[in-house]
Each structure stands twice: as structure tokens, then as C-alpha cells.
Engineer: 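Take this structure, written in C-alpha cells, and hold onto it; I'll ask about it next.
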Amino acid sequence: MTEDIDDRVNRFLRSLEAFDFTAARQMCTETATVRQNDGRGERPIKESLEQLETLSAELDVLDYDILRRFRDPGEVLQQHVLHLVGKDGSRRDVHAVVHFRFQEGLIDRIEESVYPEPGLTRPSTPDPS
């Protein structure tokens with residue numbers, strides 16, 4: 001049975017939510033890379049997953065809320081909010097647009113742009129003038 005790339009992305013995200021980074025890594029090519037807009041440039045997927053695994057030690061919940069998704073053969077573009085709940089009860093939402101590129105049914109490249117939602121991240125203040 002061939003897995004649809006939408007299903008592959010969903011399974012990848014569900015693996016991350018379950019803190020199963022080994023399963024997530026197995027859904028990627030050996031040479032898969034990640035590029036985020038954090039100024040560090042392109043990195044191997046292994047390094048990116050290790051960073052997320054380190055962060056997960058402080059989390060109770062990591063939950064992807066997919067807002068929209070588009071796909072073409074071999075690629076998926078989606079906008080989502082990553083909801084994080086810390087072991088201390090703290091909450092944080094991370095808004096992102098992510099592009100997944102596939103090669104022979106496996107994720108070969110992820111490009112992620114995290115962006116703030118100003119209206120949601122800080123209260124508006126009246127103009128004093």
C-alpha cells in the first residue's frame with residue numbers, strides 16, 4: 001500500500017506530538033535537511049529533531065493545529081500553530097509556515113518560517129495622542 005504525502009506529513013507530525021523522534025526520523029531520507037528562519041541556515045534533519053527532543057524534556061504537550069494545507073506532487077505547504085504546554089503549566093503558541101519536499105515517498109527537505117502574530121502576542125495599547 002502506498003502512503004499519500006498528506007498522510008505522511010500527518011504521521012510525521014503525530015510522531016512529534018508523541019515525542020517519538022525515532023519514528024519521525026524514519027520518515028525522512030538519509031540526507032534530509034531543515035532550513036528555518038532562525039539565522040542558522042540549513043541543517044541535517046537529525047540535528048533539528050535532536051533540538052526538538054531536548055526541548056520536549058520540558059514539555060507535557062506538543063500539538064500541531066493545521067490551519068491550511070496545499071499540495072502538489074512531491075510537496076506539501078502548510079500553515080500551522082504549534083501549541084506547547086510546559087511541565088510547569090506555561091503555554092506558548094508558535095505560528096509557522098512549513099514546506100515539506102518528498103523524494104521517493106520520504107521527506108527530503110523541510111523549510112520552516114516561524115512568524116509572530118502581533119495581535120495575538122501583545123495587547124494593543126491606545127495611542128496617547
Side-chain angles (χ1 to χ4, degrees):
M1 177 175 100
T2 314
E3 185 176 36
D4 177 275
I5 60 174
D6 276 333
D7 294 337
R8 174 71 53 153
V9 170
N10 289 337
R11 199 160 59 93
F12 180 79
L13 297 176
R14 299 298 86 84
S15 295
L16 297 178
E17 289 176 338
F19 305 119
D20 187 350
F21 302 100
T22 301
R25 177 66 185 98
Q26 291 172 345
M27 288 180 250
C28 303
T29 65
E30 287 295 317
T31 58
T33 58
V34 175
R35 180 171 180 83
Q36 296 172 307
N37 66 336
D38 60 4
R40 293 191 288 175
E42 195 165 303
R43 302 180 295 162
I45 188 79
K46 180 180 184 236
E47 188 178 313
S48 182
L49 289 173
E50 286 171 351
Q51 179 186 1
L52 190 55
E53 186 171 12
T54 299
L55 171 66
S56 74
E58 302 170 15
L59 298 175
D60 273 341
V61 175
L62 184 151
D63 180 51
Y64 289 89
D65 183 10
I66 300 166
L67 303 177
R68 68 193 67 174
R69 181 180 284 172
F70 306 95
R71 76 175 192 167
D72 278 328
E75 61 186 342
V76 171
L77 177 70
Q78 77 177 29
Q79 179 184 10
H80 65 238
V81 179
L82 174 58
H83 303 286
L84 305 169
V85 179
K87 292 190 183 298
D88 63 357
S90 62
R91 296 177 180 273
R92 182 172 176 221
D93 291 339
V94 179
H95 300 262
V97 174
V98 183
H99 178 257
F100 297 89
R101 185 180 69 198
F102 290 81
Q103 183 177 46
E104 298 179 15
L106 297 174
I107 297 168
D108 186 54
R109 181 173 172 82
I110 299 173
E111 294 181 46
E112 180 178 47
S113 294
V114 175
Y115 61 94
E117 286 280 337
L120 300 176
T121 56
R122 66 186 146 162
S124 60
T125 55
D127 186 350
S129 44

Engineer: Tell me whether Ser56 contacts the main-chain N or O of Glu53 through its side chain, where contact means a donor paired with an acceptor under 3.5 Å.
Structural biologist: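 Confirmed, Ser56 side chain pairs with Glu53 backbone.
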Engineer: For the residue pair Arg35 and Gly41, what are the closest heavy atoms and their distance?
Structural biologist: NH1-CA, 3.2 Å
Engineer: Which is it for Phe100 and Arg69 under the side-chain contact (heavy atoms from CB on, under 4.5 Å) test, yes or no, and what are the steps along the way?
Structural biologist: CA-CA 11 Å; Phe100 297 89; Arg69 181 180 284 172; over 6 Å; no
Engineer: Are Gln78 and Leu13 close enough that some pair of their side-chain heavy atoms sits under 4.5 Å apart?
Structural biologist: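 Yes, at least one pair of side-chain atoms sits under 4.5 Å.
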Engineer: Using modelled atom types only, decide if a donor and an acceptor are shared between the side chain of Arg25 and the backbone of Glu30 within a distance under 3.5 Å.
Structural biologist: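 Side chain of Arg25 to backbone of Glu30: a pair is present.
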Engineer: Decide yes or no for Ile45 and Ile110: does some side-chain heavy atom of the first lie under 4.5 Å from some side-chain heavy atom of the second?
Structural biologist: yes
Engineer: Where do Ile5 and Asp72 come nearest, in terms of heavy atoms and distance?
Structural biologist: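 Closest pair (atom of Ile5, atom of Asp72, distance): CD1-O, 3.6 Å.
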Engineer: Got a sec, which residues hit side chain to side chain contact (heavy atoms under 4.5 Å, CB included) with Val85, two or more places apart in sequence or on another chain?
Structural biologist: Val61, Arg91
Engineer: Checking Glu17 now: which residues fulfil salt bridge (charged side-chain N to carboxylate O under 4.0 Å, His left out) with it, not counting sequence neighbours?
Structural biologist: Arg14
Engineer: Can you tell which of Glu75, Glu42, Gln103 makes a side-chain hydrogen bond (donor to acceptor under 3.5 Å, both in side chains) with Arg109?
Structural biologist: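 Option passing the side-chain hydrogen bond (donor to acceptor under 3.5 Å, both in side chains) with Arg109: Glu42.
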Engineer: With a 3.5 Å cut-off and no angle check, do the side chains of Asp93 and His83 form a donor-acceptor pair?
Structural biologist: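 Yes, because at least one side-chain N or O of Asp93 sits under 3.5 Å from a partner of the opposite role on His83.
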Engineer: Does some side-chain heavy atom of Leu16 sit less than 4.5 Å from a side-chain heavy atom of Phe21?
Structural biologist: yes
Engineer: Compare all side-chain heavy atoms of Leu59 with those of Phe19 and state whether any distance is below 4.5 angstrom.
Structural biologist: yes
Engineer: Taking atom CZ of Arg92 as the centre, does the number of heavy atoms from other residues, nucleotides or ligands within less than 6.0 Å exceed 12?
Structural biologist: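 Result for CZ/Arg92: open.
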Engineer: Each residue besides Leu106 in its hydrophobic cluster should be listed here, by chain and number; the cluster joins Ile, Leu, Val, Met, Phe, Trp and Tyr at side-chain heavy-atom distances under 4.5 Å.
Structural biologist: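 Direct or chained contacts put Leu106 with none.
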Engineer: Could you tell me if the side chain of Phe102 sits less than 4.5 Å from the side chain of Arg71, heavy atoms only?
Structural biologist: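 Arg71 does not reach Phe102 side chain to side chain.
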